[in-house]
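Read through the structure below, which is laid out as structure tokens, and then see the notes.
Whatever order the structure lists them in is the order used to number ligands and atoms, beginning at 1.
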Amino acid sequence: MNNMYFTEEHELFRQSFKEFLQKEVVPHIDKWEETGTVERFIWKKFGDMGIFGLVYPEAYGGMGLDTFYTVILLEELQKINSGGFAANIWAHTYLAMTHVNAEGSHEIKEKYLTPSITGDKIGCLCITEPFGGSDVAGMRTTAVKEGDSYVINGSKTFITNGVYSDYLVVAAKTNPELGNKGISIFIMDRDTPGISSTKLDKLGWRASDTAEIAFDNVKIPASNLMGEEGKGFPYIMQHFALERLIMGVNAHARAEYALEYAKQYMSERKAFGQTIDKFQALRHKFAELYTDMTMCKTFNYTVADRLNKGEYVVKEATMSKLKSTAMADEVIYHCLQFLGGYGYMEEYPMARMLRDSRLGPIGGGTSEILREIIAKMIIDEKTYKPAK
Ligand SMILES: Cc1cc2nc3c(=O)[nH]c(=O)nc-3n(C[C@H](O)[C@H](O)[C@H](O)COP(=O)(O)OP(=O)(O)OC[C@H]3O[C@@H](n4cnc5c(N)ncnc54)[C@H](O)[C@@H]3O)c2cc1C
């Protein structure tokens with residue numbers, strides 16, 4: 001199957017990225033999981049490797065490569081078992097930077113996209129609010145135009161890279177009475193007066209920096225509006241397709257990692273005089289889980305391929321996230337069981353994986369919301385078009 005999508009160049013990239021992760025990242029992971037802070041030097045190393053620029057235009061320092069380089073990046077990040085570290089990297093590269101690239105002016109791209117690619121600036125994407133995340137159109141943060149400026153007031157929560165990033169991509173209402181047609185997207189520097197953030201404590205993704213952010217009369221130049229005023233909602237929805245596919249790919253990759261680890265463990269651990277991979281109860285469960293993982297992975301690759309060809313795969317990306325994240329939770333639950341008591345110990349990978357995986361069906365659109373979108377598209381035959 002891999003040869004259908006991955007060329008020799010892709011595989012060379014996978015190999016060198018794997019080695020880079022083992023050498024530069026893995027030795028620090030436990031410390032970052034402990035402190036909840038990923039040190040700055042690693043961002044620069046990712047920048048030097050060109051990782052942040054895989055899909056972005058060469059004009060801004062990127063490499064303009066196809067979607068399967070991104071798939072490799074995501075898969076290998078999951079296989080070093082820190083959902084939090086992976087989240088920091090992909091939230092910067094594919095949440096914040098996607099908006100900067102798609103909606104930012106040339107000046108904004110020079111100021112933010114280029115240093116994002118080199119690893120000199122880190123970004124975050126601020127959509128969710130304390131009053132509700134699923135109902136994006138119900139957001140309360142406002143941006144009021146005053147001469148050549150906008151003044152932002154409100155708050156956001158659960159923002160990945162929300163404390164340590166250098167800039168923020170923020171959704172706010174420029175026209176609250178218009179509902180989802182009144183949302184616009186802005187970019188602002190972290191040190192703009194009136195922005196404050198509080199780090200949140202959480203079940204998993206512990207190496208990731210997750211924050212609540214307050215905006216108190218934050219004055220930014222009107223030129224920091226990205227794209228057109230009032231178009232924020234379609235921009236957000238359009239990019240959700242990529243985010244959901246990313247979360248689907250992450251899910252199949254961490255499930256695959258868990259299964260490979262469990263397979264090795266089961267071939268070494270003995271009970272009742274034989275290795276536990278000889279017990280039919282475990283073999284059949286393993287076979288079923290491996291099948292589920294492979295089906296999700298195969299589906300996700302076809303969606304990535306269609307995205308790569310320029311198709312608007314909103315329905316399929318939604319299906320990818322819905323099924324793959326549920327599958328990963330189930331696979332990891334059972335892989336932990338295969339390890340018995342060791343599965344529950346922190347020095348083995350399953351405990352952290354179980355915690356990290358649980359975010360899959362919540363972040364970037366809960367499973368309930370995803371089912372609603374799929375139902376609308378299939379039962380009501382609703383169609384979604386990309387923002388112009
Ligand atoms: C670690 C972490 C990192 C995150 N990173 C980011 C980030 O970088 N940027 C960002 O903007 N957001 C981020 N999020 C926010 C995430 O996208 C939201 O948590 C998610 O969209 C759900 O919103 P909510 O938490 O407000 O839940 P709510 O919207 O309050 O939902 C609560 C429950 O009600 C259900 N529900 C709501 N509406 C319906 C409905 N119509 N039908 C059926 N059930 C419904 C939901 O499925 C859920 O089970 C992150 C969240 C976490 C936990």
Side-chain angles (χ1 to χ4, degrees), residues 33 36-38 82-100 122-141 154-173 180 183 185-188 190 197-215 232-233 235-244 246-248 250-251 317-318 321-322 325-326 329 352 354-376 379-380 382:
E33 284 279 324
T37 311
V38 166
S82 172
F85 175 76
N88 290 352
I89 299 295
W90 64 257
H92 164 65
T93 321
Y94 297 104
L95 302 192
M97 287 170 67
T98 296
H99 279 277
V100 179
I122 306 170
C124 64
L125 177 63
C126 310
I127 297 174
T128 305
E129 302 201 346
F131 309 100
S134 301
D135 181 10
V136 173
M139 70 173 60
R140 299 184 192 175
T141 298
S155 55
K156 298 285 172 182
T157 197
F158 308 145
I159 306 306
T160 304
N161 294 335
V163 178
Y164 303 115
S165 52
D166 303 289
Y167 67 89
L168 301 85
V169 175
V170 180
K173 282 205 169 143
N180 68 16
I183 297 172
I185 304 278
F186 299 90
I187 192 159
M188 55 199 78
R190 151 87 38 199
S197 54
T198 314
K199 198 172 167 72
L200 301 171
D201 195 9
K202 54 199 186 300
L203 173 71
W205 279 25
R206 298 202 58 90
S208 167
D209 139 33
T210 310
E212 180 158 343
I213 302 178
F215 301 89
F233 191 74
Y235 295 148
I236 293 167
M237 292 300 137
Q238 176 173 349
H239 302 324
F240 265 163
L242 174 66
E243 180 178 355
R244 287 171 185 160
I246 286 173
M247 294 191 76
N250 288 342
T318 308
K321 179 177 186 288
L322 177 67
T325 57
D329 276 359
R352 184 187 295 162
L354 189 85
R355 288 196 297 270
D356 286 355
S357 189
R358 188 61 187 84
L359 185 67
I362 300 172
T366 65
S367 294
E368 290 77 13
I369 294 299
L370 303 185
R371 286 188 199 100
E372 190 55 29
I373 293 169
I374 296 166
K376 277 186 191 153
I379 300 170
D380 305 336
K382 189 173 163 65

Report the part of T160 in contact with ligand 1, treating N, CA, C, O as backbone and CB onward as side chain, heavy atoms under 4.0 Å; options are side chain, backbone, both, neither. both
Note the single closest protein heavy atom to atom 27 (O) of ligand 1, along with its residue, its atom name and the distance in Å. S134 OG, 4.1 Å
Please state which part of D135 comes within less than 4.0 Å of ligand 1, counting heavy atoms only: side chain, backbone, both or neither. neither
Which residue pairs satisfy the salt bridge (Lys or Arg N to Asp or Glu O under 4.0 Å) criterion with at least one member in residues 206-215, sequence neighbours excluded? D201-R206
Give the numbers and elements of all ligand 1 atoms closer than 4.0 Å to a heavy atom of I362. 20 (C)
At a 4.0 Å cut-off, with the gap strictly under it, does some heavy atom of C124 reach an atom of ligand 1? no
Which of the ligand 1 atoms, numbered from 1, are nearer than 4.0 Å to a heavy atom of T366: 22 (C), 46 (C), 47 (O)
Would a search of protein heavy atoms around atom 7 (C) of ligand 1 find one under 4.0 Å away? yes
Out of all atoms in ligand 1, which are within 4.0 Å of some heavy atom of I369? Include the element for each. 38 (N), 39 (C), 40 (C), 41 (N)
Regarding R140 and the six-membered ring of F131, is the cationic atom NZ or CZ under 6.0 Å from the ring centre and inside 45° of its axis? yes
Nearest neighbour in protein (non-hydrogen) for atom 26 (O) of ligand 1: G133 N, 2.7 Å
Quick one: nearest non-hydrogen protein atom to atom 53 (C) of ligand 1, plus distance? L359 CD1, 3.3 Å
Per atom 19 (O) of ligand 1, closest listed option by heavy atom (F158, W205, F240): F158
Would you please determine whether G132 falls within less than 4.0 Å of ligand 1 on a heavy-atom basis? yes
N or O pair under 3.5 Å between T157 and ligand 1: no
Check each of G365, A96, P130 against atom 21 (O) of ligand 1 and report the one with the nearest heavy atom. G365
